[in-house]
Amino acid sequence: MPTSSALTLSLIGGSMNIEHALVCVFSAALAEVAGFDVDPAVRRSPRADFQVDGALALARRLGRPPVQVAQEVLDRVDWAGLHATAQVAGPGFINVTLDDRFLAQELHRVATDERLGVAAATPQVVTIDYSAPNVAKEMHVGHLRSTVIGDAAARLLSFLGHQVRRMNHVGDWGTPFGMLIEHLLDIGETEAAHELSVGDLTAFYQAARAKFDSDPGFAQRSRLRVVALQAGDEQTRRLWRLLVEESEKYFLAVYGKLGVTLSDADFLPESFYNDELAPLVKELDEQGLLHDSQGAKCVFPPGFAGRDGEPLPLIVRKSDGGFGYAATDLASVKYRTGPLAADRMLYFVGTPQRLHFEMVFAAARQAGWIGEKVEVRHVNFGSILGEDGKMLKTRAGQTIKLIELLDEAVSRAAAIVADKSPHLEAETQAQVAWAVGIGAIKYADLSSDRVKDYVFDWDRMLATNGDTAAYLQYACARIGSIFRKGAVVPDPAAPVTLAHPAERALAMELLAFPAVLDTAARTVELHRLAGYLFGLAGLYTEFYSHCRVLGSAEQAGRLVLCDVTRRTLVLGLDLLGIVVPERM
RNA sequence: GCCCCCGUAGCUCAGCUGGAUAGAGCAGUGGACUUCUAAUCCACCGGCCGCACGUUCGAAUCGUGCCGGGGGCACCA
């Protein structure tokens with residue numbers, strides 16, 4: 001049970017999270033009344049600052065009148081470092097209203113804190129698997145969500161103080177490499193390197209594929225080449241490295257354009273696990289988990305049935321002796337929980353792979369590779385749909401190259417910038433266009449629930465008002481404009497009074513930032529952060545239209561509100577991977 | 001056939017472990033720049049929360065069953 005001294009410490013020294021403080025205070029009071037732990041159910045409320053609903057649930061369990069229980073709980077609250085008034089309302093809600101001076105004091109703490117009141121979490125080792133393009137294949141829209149969502153998660157968890165390991169599970173192994181290497185030899189290394197590095201991967205892959213399908217001689221050479229590759233033939237390995245390296249250069253170029261934090265240090269391709277696969281299969285066998293089925297080596301994790309109702313196999317070794325992706329994924333789990341000692345493993349892969357990951361995790365648990373306290377999670381997400389409600393494709397039905405999508409976003413944004421901000425220099429316009437265009441794509445992805453499909457719509461995501469990146473970026477630019485216009489540097493330590501309702505509402509929302517980040521990180525639901533930022537920008541605009549800053553009697557305090565708002569928006573957007581231009 | 005996800009305003013979406021009159025943004029209508037960026041704001045209009053039962057003080061939220069949409073179910077990853 002939290003004590004009041006612990007609470008005071010948490011408010012002063014650590015997280016300046018009022019919501020969390022209320023949870024502590026009311027948990028203690030509820031536990032005193034109940035004799036056991038009760039969820040206080042602290043919520044923001046339109047009728048007060050917060051409402052505490054836990055007494056209602058408790059009353060039912062105790063079989064007592066809710067209002068009476070609520071009052072009893074309220075009487076036992078030790079407010080410790082909090083300053084608020086509270087009363088029982090309705091059927092047994094407890095409405096809590098914070099003192100204005102207390103709010104101002106908390107805002108002062110946040111304003112003078114580099115981290116805006118966000119305490120560093122107890123550090124965990126978190127592995128984040130995301131992006132995962134395939135060597136010698138074009139990155140397409142299918143890689144967009146994994147890359148964007150995974151990168152935002154990596155940024156958020158790092159900021160919260162976790163030891164984040166970004167892992168790019170690049171597809172660099174398997175049977176297609178026979179034909180790719182043979183094609184490379186056919187056209188010559190120089191030409192191949194050129195095609196790959198400039199990003200013409202589709203043509204390269206398709207040419208190889210076409211020959212493989214039409215030319216039996218080529219197909220035969222390809223098959224032999226796979227064998228040579230797997231056997232470690234030096235010349236073959238060198239050519240394979242060439243393919244991988246050129247592709248990695250290309251991926252890094254795309255990441256640069258997308259503004260993603262993945263670097264060359266984060267490539268952890270499939271082939272990384274090659275030497276682990278045979279021992280892994282052996283270990284499964286020794287544990288008695290491996291079964292022969294139609295020539296394949298399989299694990300049958302309990303609880304999975306196939307079309308015919310029979311137990312569903314996880315094929316770790318194919319009947320031809322090759323390893324399936326289940327083997328690689330199992331190896332990846334083992335590597336993370338073993339040498340890396342991961343506390344939390346997140347795999348950012350689309351929903352269609354749900355069953356596969358459930359089976360991999362179940363098998364890994366059976367094998368004892370996932371400790372009790374370790375969280376492993378398939379962070380799934382829905383598809384990107386076109387305006388016709390089907391998977392996003394070109395008009396001709398082709399998959400859309402990611403790089404072309406990004407270029408179109410930037411050029412569409414450039415047209416908007418040229419229209420709205422002709423006063424900016426050309427170079428600045430180009431920077432703003434990039435930030436707005438890429439921001440639009442990312443924000444559209446991150447602002448709605450991950451697990452749902454979302455409809456890709458240029459006009460909506462690039463709208464200048466509404467729930468878009470551009471709107472949030474513009475709000476930041478306007479705040480910066482106040483500082484420039486007034487030639488003032490906000491003093492974060494300046495005293496703040498929250499006399500106007502718009503000032504007070506803005507301050508309340510600013511103080512909710514740490515709780516929002518906690519929730520977003522815990523649930524891996526980035527749209528909660530996006531939604532918060534949009535709401536914050538709305539409250540700021542309300543403040544902006546009602547409260548004159550420059551030249552007002554409250555200038556110093558209002559500048560603090562502007563400053564904290566801007567820093568919160570910029571930080572929040574940065575955690576989503578979105579860049580905020582100085583001016584627009 | 002079995003399993004998973006989704007169904008909220010004309011459109012695109014929020015709604016946190018059930019909580020008080022269901023919220024935004026677009027679109028529509030009507031307003032607001034001699035004043036810190038109008039890439040803005042304000043007001044109005046708009047909803048049997050897919051349907052039906054059930055659980056309870058209370059259900060968009062939990063349970064069951066339907067209806068509709070999507071995805072998955074052995075050697076491609």
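Lettering follows sequence order; numbering is per chain, from 1.
Here Thr328(A) lies out of heavy-atom contact (under 4.0 Å) with every strand. At the heavy-atom level, Asp172(A) lies nowhere under 4.0 Å from the strands shown. Residue-level contact check: Arg317(A) touches neither bases nor backbone, having no heavy atom under 4.0 Å from any strand. As judged by a 4.0 angstrom heavy-atom cut-off over every strand, Arg44(A) is placed among residues making no nucleic acid contact. Within 4.0 Å of Thr523(A), counting heavy atoms only, lies no atom of the nucleic acid at all. Within 4.0 Å of Val455(A), counting heavy atoms only, lie sugar-phosphate atoms of the nucleic acid but no base atom. Across all strands, Pro313(A) comes closer than 4.0 Å to base atoms (heavy-atom distances). Note on Thr519(A): nothing from the nucleic acid sits closer than 4.0 angstrom, heavy atoms only.
For Phe323(A) and Tyr273(A), the ring centers sit 6.0 Å or farther from each other. Here the two rings, on His378(A) and Phe348(A), have centers that are 6.0 Å apart or farther. A ring-centre distance under 6.0 Å is found for Phe534(A) and Tyr471(A). Between Phe212(A) and Tyr205(A), the distance from one ring center to the other does not fall under 6.0 angstrom.
Residues from residues 301-308 of chain A with heavy atoms under 4.0 angstrom of RNA chain B, sorted by number: Gly306(A), Arg307(A). Contacts with RNA chain B (heavy atom under 4.0 Å) in residues 53-61 of chain A: Asp53(A), Leu56(A), Ala57(A), Arg60(A), listed by number.
A donor-acceptor contact under 3.5 Å is not formed by the side chain of Gln473(A) with the base of A39(B).
Classification of C66(B) as anti follows from a glycosidic angle more than 90° from 0.
A salt bridge links Arg558(A) with Glu503(A): the distance from a Lys NZ or Arg NE/NH1/NH2 to an Asp or Glu carboxylate oxygen falls below 4.0 Å. Here Glu375(A) does not pair with Arg522(A) in a salt bridge; the nearest charged N to carboxylate O distance is not below 4.0 Å.
U17(B) and G25(B): their P atoms are spaced 24 Å apart (whole Å). Look at the C1' atom in both C4(B) and G19(B): the space between them is 30 Å, to the nearest Å. With both ends at atom C1', the span from A22(B) to C16(B) equals 15 Å, rounded to whole Å. Using P as the reference atom, G50(B) and C6(B) are 12 Å apart when rounded to the nearest Å.
Using a 4.0 Å cut-off, some side-chain N or O of His527(A) falls inside it from OP1 or OP2 of G15(B). OP1 or OP2 of A77(B) has not a single side-chain nitrogen or oxygen of Tyr325(A) nearer than 4.0 Å. Proximity of Arg478(A) to the phosphate of A38(B): a side-chain N or O atom is located under 4.0 Å from OP1 or OP2. Between Ser545(A) and U40(B) there is no side-chain N or O to OP1 or OP2 distance below 4.0 Å.
Annotation for Gln87(A): atom CD counts as buried by contact number, over 12 foreign heavy atoms lying within 6.0 Å.
Contacts classified as side chain to side chain donor-acceptor pair (under 3.5 Å) and involving residues 414-426 of chain A (residues at least two apart or in different chains) are not found.
Residues passing the side chain to side chain contact (heavy atoms under 4.5 Å, CB included) test with Asp53(A) are Ala41(A), Arg43(A), Gln51(A), Phe93(A), sequence neighbours excluded.
Comparing A39(B), U37(B), A20(B) against the side chain of Thr464(A) picks out A39(B) as the nearest. In the set A74(B), U40(B), C36(B), C36(B) carries the atom at the smallest distance from any side-chain atom of Arg548(A). Side chain of Asp39(A), nearest nucleotide from U40(B), G19(B), U17(B): U17(B). The side chain of Asp453(A) lies closest to G70(B), out of A74(B), G70(B), U37(B).
Closest approach of Leu529(A) to Val516(A), counting heavy atoms only: CA-CG1, 3.9 Å.
His291(A) contributes atom NE2, which lies 10.0 Å from atom CG of Leu284(A) (distance to the nearest 0.5 angstrom).
With centres under 5.5 Å and a plane angle under 30° as the test, the ring of Tyr471(A) is not stacked against the base of A39(B).
The 5' end of RNA chain B is approached more closely, in terms of each residue's nearest nucleotide, by Glu525(A) than by the other of Glu525(A) and Pro311(A).
The distance from atom CG of Leu355(A) to atom P of C76(B) is 17 Å, rounded to the nearest whole Å. Counting to the nearest Å, the C1' atom of C16(B) and the NE2 atom of His20(A) are 16 Å from each other.
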Polar-atom pairs under 3.5 Å, protein N or O versus N or O of nucleotides 3-10 of chain B: list them with distances, or write none.
residue : atom : partner   : partner atom : Å
G7(B)   : OP1  : Lys452(A) : NZ           : 3.0

Pairwise N/O distances under 3.5 Å, protein to nucleotides 24-28 of chain B:
residue : atom : partner   : partner atom : Å
C26(B)  : OP1  : Asn465(A) : ND2          : 3.2

